[in-house]
Amino acid sequence: MSEGNKTTHVMGSSRLFSPVVELRQYTLKSGRREDLIRVFDTHLVEPQEDTGMTVIGQFRDLDWPDRFVWLRGFEDMEARRDALTAFYGGLVWTAYRDAANETMIDSDDVLLLTPAWPDSAFDLSGASRDSADRKASYSVVAGTIFHLQPGTEADFAATFAEEARQRLARHDGPLLAAFITEHAENTFPRLPVRAGENVFVVFQAFTDALAMANHDAALATDPVWMHGVLPVLERYFSRPSERLRLAPTARSLLP
């Protein structure tokens with residue numbers, strides 16, 4: 001793959017499924033998000049993928065102007081160790097790490113995830129990576145993080161798949177992917193992850209922020225959701241859920 005920002009890349013079948021995914025949320029210095037995106041999208045995507053990982057998506061947080069959110073995937077925890085060792089020990093990161101790190105306040109907000117059920121990972125078949133100067137789209141990826149009582153992720157995932165998934169799709173919000181916490185030991189401790197988390201994370205794609213707002217409003221007035229599905233889900237909660245509204249950068253594979 002070319003590192004130049006004019007490349008359009010279509011994902012092959014070997015990249016459809018990442019059994020290990022990192023959800024990374026960076027807090028940046030005021031006004032520095034576009035600087036980081038410029039470095040990331042222009043110089044850091046293909047070199048990461050050359051080590052065997054998949055850069056799934058990178059986003060502007062619509063509700064926090066100094067937050068950059070991104071996702072990357074790995075075949076397993078050993079492959080994650082090897083890929084991260086190769087990238088962060090390589091020449092490209094050495095060349096651009098100061099420019100990237102100089103924009104950041106915190107980069108340790110990282111959830112380590114695995115698909116919630118066998119076919120719940122991102123399907124990237126046919127996804128294309130455009131040039132960094134592509135005109136911005138209005139699409140929005142919604143990420144919802146449900147914080148669960150310890151040991152309940154599998155039960156919650158089964159309940160969600162049976163009770164909630166079709167209801168979301170009924171209101172024009174079908175799932176892109178669903179994940180639970182990957183509890184394996186961090187194989188690359190140089191990059192911390194949030195230990196002790198018990199989460200279920202779902203992603204949805206919308207044409208724009210209004211479509212997402214309409215979806216949320218429809219759920220809020222759906223008696224089946226409000227009085228049937230939601231109370232069942234809430235039995236598993238350890239604290240309130242988080243809702244992310246994410247605008248893909250030009251070179252994101254999502255949506």
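- Atom CD of Gln166 is surrounded by 12 or fewer heavy atoms from other residues, nucleotides or ligands within 6.0 Å.
- The only member of Glu185, Glu75, Glu22 that meets salt bridge (Lys or Arg N to Asp or Glu O under 4.0 Å) when paired with Arg80 is Glu22.
- No hydrogens or angles considered: a donor-acceptor pair under 3.5 Å links the side chains of Thr249 and Asp41.
- Put simply, the side chain of Thr187 gets close to the backbone of Met77: a donor and an acceptor are under 3.5 Å apart.
- A salt bridge links Glu102 with Lys29: at least one charged nitrogen is closer than 4.0 Å to a carboxylate oxygen.
- Judged by distance alone, with hydrogens and angles left aside, the side-chain atoms of Thr152 form a donor-acceptor pair with the main-chain N or O of Gln149 at under 3.5 Å.
- Between Glu49 and Arg129 there is a salt bridge, with a side-chain nitrogen of the basic residue lying less than 4.0 Å from a carboxylate oxygen of the acidic one.
- For the pair Asp61 and Arg33, the salt-bridge criterion is not met [side-chain N within less than 4.0 Å of a carboxylate O].
- Although no hydrogens or angles enter the test, the distance criterion places a donor-acceptor pair under 3.5 Å between the side chain of Gln48 and the main chain of Leu44.
- The backbone N or O of Leu254 sits less than 3.5 Å from a side-chain atom of Ser252, completing a donor-acceptor pair.
- Between the side chains of Asn186 and Arg81, no donor N or O sits under 3.5 Å from an acceptor N or O.
- Tested against Gln204 for a side chain to side chain contact (heavy atoms under 4.5 Å, CB included), the candidates Leu176, Asp172, Leu168 yield a single pass: Leu168.
- Around the CZ atom of Arg170, the shell of radius 6.0 Å holds no more than 12 heavy atoms that belong to other residues, nucleotides or ligands.
- Taking hydrophobic clusters as Ile, Leu, Val, Met, Phe, Trp and Tyr residues chained together by side-chain heavy-atom distances below 4.5 Å, Val201 does not share a cluster with Leu175.
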* Working for side-chain contact (heavy atoms from CB on, under 4.5 Å), residues Phe74 and Leu84 -> CA-CA 10 Å; Phe74 309 85; Leu84 295 179; 4.0 Å; yes
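- The backbone N or O of Val199 lies less than 3.5 Å from a partner atom in the side chain of Thr181, making a donor-acceptor pair.
- Donor-acceptor pairing under 3.5 Å is lacking for the side chains of Trp64 and Asp66.
- In summary, the side chains of Arg251 and Gln58 do not present any donor paired with an acceptor at a separation below 3.5 Å, with no hydrogens or angles considered.
- Side-chain atoms of His147 and Asn198 form no donor-acceptor pair, as typed in the model, at a separation below 3.5 Å.
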